[in-house]
Amino acid sequence: MPGKPRLTYFNGRGRMEPVRWLLAAAGVEFEEIFLETKEQYEMLIKDGSLLFQQVPLVEMDGMKMVQTRAILSYIAGKYNLYGNDLKERALIDMYVEGIADLMQMILIFPFSPPEAKEKNLDSLKERATNRYFPVFEKVLKEHGQDFLVGNKFSWADVQLIEAILAVEEKIPAVLSGFPQLQAFKIRMSNMPTIKKFLQLGSPRKPPPDECYIETVLKILK
Amino acid sequence: MAGKPKLYYTKGRGKMESIRWLLAAAGVEFEEEFIEKKEDLEKLRNGGFLLFQQVPMVEMDGMKMVQTRAILSYIAAKYNLYGKDLKERAWIDMYVEGTTDLMGMMLYLPFQSGDVKEKNLALVIERAATRYFPVYEKALKDHGHDYLVGNKLSWADVHLLEAILAVEEYKPDILSAFPVLQAFKGRTSNIPTIKKFLQPGSQRKPPADEKFIANVKKIF
């Protein structure tokens, strides 16, 4: 009987956070190993655990999975969060890829130089309010259903609630022009597995701080 | 009966090239509409054709699909190039994400120059030779099959061939230390649909030239 999935990453959000969200949303318990030293990282590379010498790494079902998208697709497929057919899967993929582009802006934010931070924040606000959030607002408004695709909870919904909360941390009033997304946010936050993940003591990681940034730079240098 | 897929992009490789490769490998004929000036892009945007205001966009099976990976995943699954189960799909995804990272590094090279370009090119070669190609060399060597996953042609094989040829354009002897990949390249290039795509007159696009680069800068 296989054990719980085991996640290896830094002790922070980064590229692993969407994986934590998705496993949690699916009600799947997991273990975590945190990279704290360069030596640990080099050991992982040396013993062949990292296909392309990179983390995230998720050990699950006998596989040492790398590449965030591959990991997320596998989890979504395994736990029925990937739609009912190819076309629903295509929609979920489109939505998830769009959100990933938005999240990428947040991902690199802590690593950008202080002079660039204000400009990056403005870009984030512009993209969120003009390019990405309007799409999902419209999708929800047009079909009037609780979930983005196929009237059923999917990876796309998990990715969107994660993105909304992440953007709100930087731009608190970002949802002010999006009533559908406001309602969506409340609905998703109240789903039992997600509600649990949003509580203190869950595996959810806090926003990146100085210590996290320092650790990442030290290990990956 | 649905028509042929229709691809909307500039008349060059960019992010659409992997899609052209995959459709061609699957033996699927497709049409292309080229964005030649800024107004063409504006027209698509204003017409609500582009979900996130971006290309690539592929009209297919009643959908206006955007986001390269979403499009490629759909094509792979539809034409049975995505493995036979979830685990094979996971391996294909992992391999494809690797070649995507490698090709992503090359995407902007034509738009760079001088020291920046030289430095980035050196990094591409280094990564190809030490991070990416060794993985595929080993995978093929370990199982001894013709294809990367499940002993059957998949998206991962098509993408790997595309990546090999792309790096070779910058460094022709990049495969000198990878005999298994050399054999893979020979075999895969001879698959009838792929062989056809590699011949002149196909919809495969040439490397970016000065004129193309200048035009793309104007459009975007």
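Below, read A as the first sequence line, B as the second, and so on, with proteins coming before strands; counting in each chain starts at 1.
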Do you know which two heavy atoms are closest between [X] and [Y], and how far apart they sit?
X      : Y     : result
B:Y132 : A:Q54 : OH-NE2, 4.3 Å
A:F52  : B:M94 : CE1-O, 3.4 Å
B:K87  : A:D61 : NZ-O, 2.6 Å
A:A90  : B:A70 : O-CB, 4.2 Å

If I measure from the heavy atoms of chain A, does [X] come under 4.5 Å with its side chain, its backbone, both, or neither?
X      : answer
B:T100 : neither
B:V66  : both
B:K78  : both
B:R131 : both

May I ask you to check whether over 12 heavy atoms, not counting those of [X], lie within 6.0 Å of atom [atom1]?
X      : atom1 : result
A:K170 : NZ    : yes
A:E29  : CD    : no
B:K119 : NZ    : no
A:K38  : NZ    : yes
A:R131 : CZ    : yes
B:K141 : NZ    : no
B:K138 : NZ    : no
B:E168 : CD    : yes

Could you give the distance from [atom1] ([X]) to [atom2] ([Y]), rounded to the nearest 0.5 Å?
X      : Y      : atom1 : atom2 : value
B:S73  : A:L86  : OG    : CG    : 10.0 Å
B:Q54  : A:E97  : CD    : CD    : 10.5 Å
A:D93  : B:T68  : CG    : OG1   : 12.0 Å
A:R127 : B:Q53  : CZ    : CD    : 9.5 Å
B:F52  : A:L102 : CZ    : CG    : 9.5 Å
B:Y74  : A:L91  : OH    : CG    : 10.5 Å

For [X], is it the side chain, the backbone, both or neither that has a heavy atom under 4.5 Å from a heavy atom of chain B?
X      : value
A:R89  : side chain
A:V135 : side chain
A:M63  : side chain
A:K87  : both
A:D101 : side chain

Legend entry - From CA spacing to verdict: side chain to side chain contact (heavy atoms under 4.5 Å, CB included), B:Y95, A:Q67: CA-CA 9 Å; B:Y95 290 145; A:Q67 294 288 354; over 6 Å; no
Legend entry - Side chain proximity check, B:L86 to A:K78, heavy atoms < 4.5 angstrom: yes
